[in-house]
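For reference, the structure is listed below as structure tokens.
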Amino acid sequence: MASSTIDRGRRRRPAATIAIYAGVLAFAIWILLPVWYLVVSSLITPTQLGIKPFPLVPSSITLDNYASVLFGNTGGRGIGSTDMGARLVPAIGQSLFVSGCLVVLNLLIAGAAAYGLSRYPFRGARVFELSVIATRIVPAIAIIGPFFVAFRVMGVLNTPWALVISYNVFTLPLAIMILKNYFDQLPREIEEAAKIDGATRLQTLWIIIVPIAKPGLVAAGVLIFLEAWSEFFYALVLTNQLTVPPLLAGFQSVQQFNWNALAAATVMSMLPPTVLVLIFQRHVVGALTAGVGK
């Protein structure tokens, strides 16, 4: 009887495998098809865009959309009015600056906080952790008012520092949760050995723990970068289209909607985070799955 059950399970395996691969393929198509539509739209003219059905493989391509986005309306070669496009490269630079500053700041603060929570628990530590998690569910609109007033008094509205300060509200809790979970998986024996050898707590953290925890730090840094890069609401309210997301929204106006130029600008804005994820994807997956079998 047991053998017949095993045989039935073995007979079901090919079907289950096919179903799994079919599900993965359908999910990949669901995710990648809009991206492909975006890329194709950035390489064709408005006339081609209006063809039905939409050409998934265009018969001819043009780079005029990218030229108009990068250099403005280039002597009539640009497709449509792309006054916003001339500001794209500076906006990408500002997004890189804000995201980079936030990564460094968060890794320093969240790393110290997560290590303390992991290695030196105190009364109320669990409540503190839950409070950190709870801050992730606070709506952005609930606290944007105090930020706006404070930054206006400080004179930092429409500057990168307004975003660097305000983004900590949702990036610090994320970094603390990721790094706390990762530090919990590291063996304590190495730290005890370093203590016996006369190393201080700071030396142990910097010389022993930081190199070992590099995958977790990289994963937290990548996720912080992605959150800061794609944040829209704070950037819209606190700045005048200083970073990429609100600038892309500016391509749509009452007078016109230049989809081709918007598609080209969106493709260009996707390159930095995409390259970053492709480089560090192994660290991100490893850190996020740490402790699953705990």
Side-chain angles (χ1 to χ4, degrees), residues 13-70 77-82 84-85 87-89 91-92 95-96 99 140 170 174 218-219 221-233 235-236 241 243-253 256-289:
R13 283 180 185 174
T17 302
I18 293 173
I20 291 173
Y21 279 105
V24 171
L25 179 61
F27 182 75
I29 294 175
W30 177 264
I31 296 297
L32 296 178
L33 190 59
V35 177
W36 180 251
Y37 178 87
L38 186 72
V39 173
V40 172
S41 299
S42 70
L43 296 171
I44 61 178
T45 64
T47 303
Q48 292 173 289
L49 186 64
I51 297 175
K52 293 183 180 181
F54 180 80
L56 291 178
V57 180
S59 57
S60 62
I61 63 175
T62 178
L63 297 179
D64 285 349
N65 295 310
Y66 289 94
S68 60
V69 163
L70 288 173
R77 290 192 307 108
I79 298 173
S81 174
T82 54
M84 305 298 296
R87 298 170 54 189
L88 179 63
V89 174
I92 291 177
S95 291
L96 287 172
S99 301
F170 55 87
L174 174 67
V218 170
V222 170
L223 293 178
I224 293 167
F225 184 94
L226 294 178
E227 287 228 2
W229 184 272
S230 61
E231 201 285 323
F232 173 77
F233 183 68
L236 179 67
Q241 298 178 337
T243 55
V244 171
L247 182 68
L248 294 179
F251 275 79
Q252 180 177 1
S253 64
Q256 64 174 358
F257 178 45
N258 192 339
W259 169 249
N260 298 87
L262 175 59
T266 304
V267 170
M268 292 183 59
S269 67
M270 289 170 55
L271 292 178
T274 301
V275 171
L276 188 71
V277 171
L278 290 177
I279 294 174
F280 297 111
Q281 61 177 334
R282 179 171 57 88
H283 294 298
V284 174
V285 174
L288 293 180
T289 56

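Note that the structure is a prediction, hence the values are computed from the model and not measured. Along the sequence shown, the residues carry numbers beginning at 1.
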*Ignoring hydrogens and geometry, is there a side-chain-to-backbone donor-acceptor pair from Ser269 to Val244 under 3.5 Å?*
no
What's the spacing between [X] [atom1] and [Y] [atom2] if we round to 0.5 Å?
X: Ile29; Y: Trp36; atom1: CD1; atom2: CH2; value: 13.5 Å
X: Phe233; Y: Phe170; atom1: CZ; atom2: CZ; value: 11.5 Å
X: Gln48; Y: Ser59; atom1: CD; atom2: OG; value: 5.0 Å
X: Asn260; Y: Asp64; atom1: CG; atom2: CG; value: 10.5 Å
X: Leu38; Y: Met270; atom1: CG; atom2: CE; value: 6.0 Å
X: Thr243; Y: Ile92; atom1: OG1; atom2: CD1; value: 11.0 Å

Residue pair [X] / [Y]: nearest heavy atoms and the distance that separates them:
X: Arg87; Y: Leu247; answer: O-CD2, 3.5 Å
X: Pro245; Y: Glu231; answer: CG-O, 3.3 Å
X: Val267; Y: Ser42; answer: CG2-OG, 4.0 Å
X: Pro58; Y: Ile61; answer: CG-CG2, 3.8 Å

*asked:* Between Asn65 and Leu43, is there a side-chain heavy-atom distance shorter than 4.5 Å?
replied: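 The answer is no, as the side chains (C-beta and beyond) never meet within the 4.5 Å cut-off.
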*Just wondering, do Val222 and Val277 contact through their side chains at under 4.5 Å, heavy atoms?*
yes
*Applying side-chain contact (heavy atoms from CB on, under 4.5 Å), run through Leu56 and Val40 and close with a yes or a no.*
CA-CA 7 Å; Leu56 291 178; Val40 172; 6.0 Å; no
*With side-chain contact (heavy atoms from CB on, under 4.5 Å) as the test, would you mind laying out the steps for Trp229 and Leu226 before giving the verdict?*
CA-CA 5 Å; Trp229 184 272; Leu226 294 178; 5.6 Å; no
